[in-house]
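Down below is the structure, laid out as structure tokens.
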There are 2 protein chains.
Amino acid sequence: MRNSKQRDVILKIVLDSSDHPTADMVYNRARKEIDNISLGTVYRNLNLLSEQGIIKKFKIVGDIERFDKTVITHSHFVCKECGKVIDIMEDSLSDFIKELSNKTNANIERYEVSLFGTCSHCQ
Amino acid sequence: MRNSKQRDVILKIVLDSSDHPTADMVYNRARKEIDNISLGTVYRNLNLLSEQGIIKKFKIVGDIERFDKTVITHSHFVCKECGKVIDIMEDSLSDFIKELSNKTNANIERYEVSLFGTCSHCQ
DNA sequence: CCTTAAATAGTAATGATTACTATTACCGTT
DNA sequence: AACGGTAATAGTAATCATTACTATTTAAGG
């Protein structure tokens, strides 16, 4: 993998963001530094970086792809008022899923939990 | 809401299916009964029927919309070998999410859990 | 400073879903 | 049984996120 100014900028944007940006959000932020950067380049590099485990790509049900600097396993909560995506770092969830795996005699290797409601700010 | 042959056929197909069909799957099955039924009609009626609570529309992360005759809250497991979508009727999950709601002082109103792995048949 | 392949910009294609519009058909009223 | 209003439909176009394609640019090793 060669160096590229584009990839550096894209990585820095994700590492500096805490709002779980979409590819389009990264694209718009990147354009402020490289005015003619291509959306395809943003997608390719976001996918590349997440394949390498440097950033994390995730999806919330009913939503589009998002990217996160936090690579460790965690879930996401979406506030229906402000639209914010909030990290839920919940280890007990993974324990719970393991139990479920035994009960249902299906071998659960991976899970995605999307939570919806109202965040503490908006209540 | 008026009667329509199309809606009757579409509803019957979902009620007779246990494979969590997509709109396109319902469309292809419906065409065997009404050869010129429109895909738009299928989408509109599937959405209409799920708004009425007669069927259930759901999504698995990374997958497209699916429809289910089972309307009560439950989660879904996807086998990566055979591709089957299997219902997980797990009450304890909902209790767990309620607890999580308290811990995180976010008001969790709804959740979607997608489980991935290998089913009992394919192991 | 050359060369070569990786990376890019710009554009086209894809696929699921929704929107649009002229036509059809359900159904209550005569 | 015919009529008229309007909901529902068929067929097609539009949308939007994402991927694919291709000619051009650029990193970096010799």
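First the proteins, then the strands, lettered A, B, ... as listed; each starts at 1. Note that this is a predicted model, so its numbers are computed, not measured.
The nearest whole Å value for the distance from the CD1 atom in B:Ile37 to the P atom in D:dA8 is 14 Å. Rounded to whole Å, atom P of C:dG10 lies 11 Å from atom CD of A:Gln6. In this structure, the CG atom of B:Asn45 is 16 Å from the P atom of C:dT17, given to the nearest Å. As rounded to whole Å, 15 Å separates atom P of D:dA8 from atom CD1 of B:Ile34. One atom, CG of A:Leu46, and another, P of C:dA7, lie 15 Å apart when rounded to the nearest Å. For B:Ile10 and D:dA8, the CD1 to P distance is 12 Å, given to the nearest whole Å. Between the CG atom of B:Asn36 and the P atom of D:dT9 there is a distance of 12 Å, rounded to whole Å.
In this structure, A:Met1 and A:Leu48 approach most closely via the heavy-atom pair SD-CD2, 3.1 Å. Across all non-hydrogen atoms, the minimal contact from A:Cys79 to A:Cys119 is SG-N, 3.3 Å. Taking every heavy atom of both residues into account, A:Leu39 and A:Tyr27 meet most closely at N-CE1, 3.5 Å. Between B:Val42 and B:Ala23, the shortest heavy-atom contact is CG1-O, 3.6 Å. Looking at every heavy atom in both residues, A:Ser101 comes nearest to A:Ile108 through OG-N, 3.1 Å. The shortest non-hydrogen separation linking A:Thr118 to B:Glu109 is OG1-OE2, 3.3 Å.
Recorded end-axis angle for the helix from C:dC1-D:dG30 to C:dT30-D:dA1 stands at 10°, based on five pairs per end and rounded to 10 degrees.
Judged by distance alone, the side chain of B:Asp87 and the main-chain N or O of B:Met89 form no donor-acceptor pair under 3.5 Å. Judged by distance alone, with hydrogens and angles left aside, the side-chain atoms of A:Arg29 form no donor-acceptor pair with the main-chain N or O of A:Val9 at under 3.5 Å.
Using a 4.0 Å heavy-atom distance criterion, A:Arg44 is classed as a base contact.
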>> Return a single string for nucleotides 15-30 of chain D, one symbol per nucleotide in 5' to 3' order, where B is base contact, S is sugar-phosphate-only contact and - is none, cutoff 4.0 angstrom on heavy atoms.
In response: --SBB------BBS--

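A salt bridge does not link A:Glu112 to A:Lys59: none of the charged nitrogens lies less than 4.0 Å from a carboxylate oxygen.
Phosphate proximity of C:dT8 to A:Ser38: absent, as no side-chain N or O sits under 4.0 Å from OP1 or OP2.
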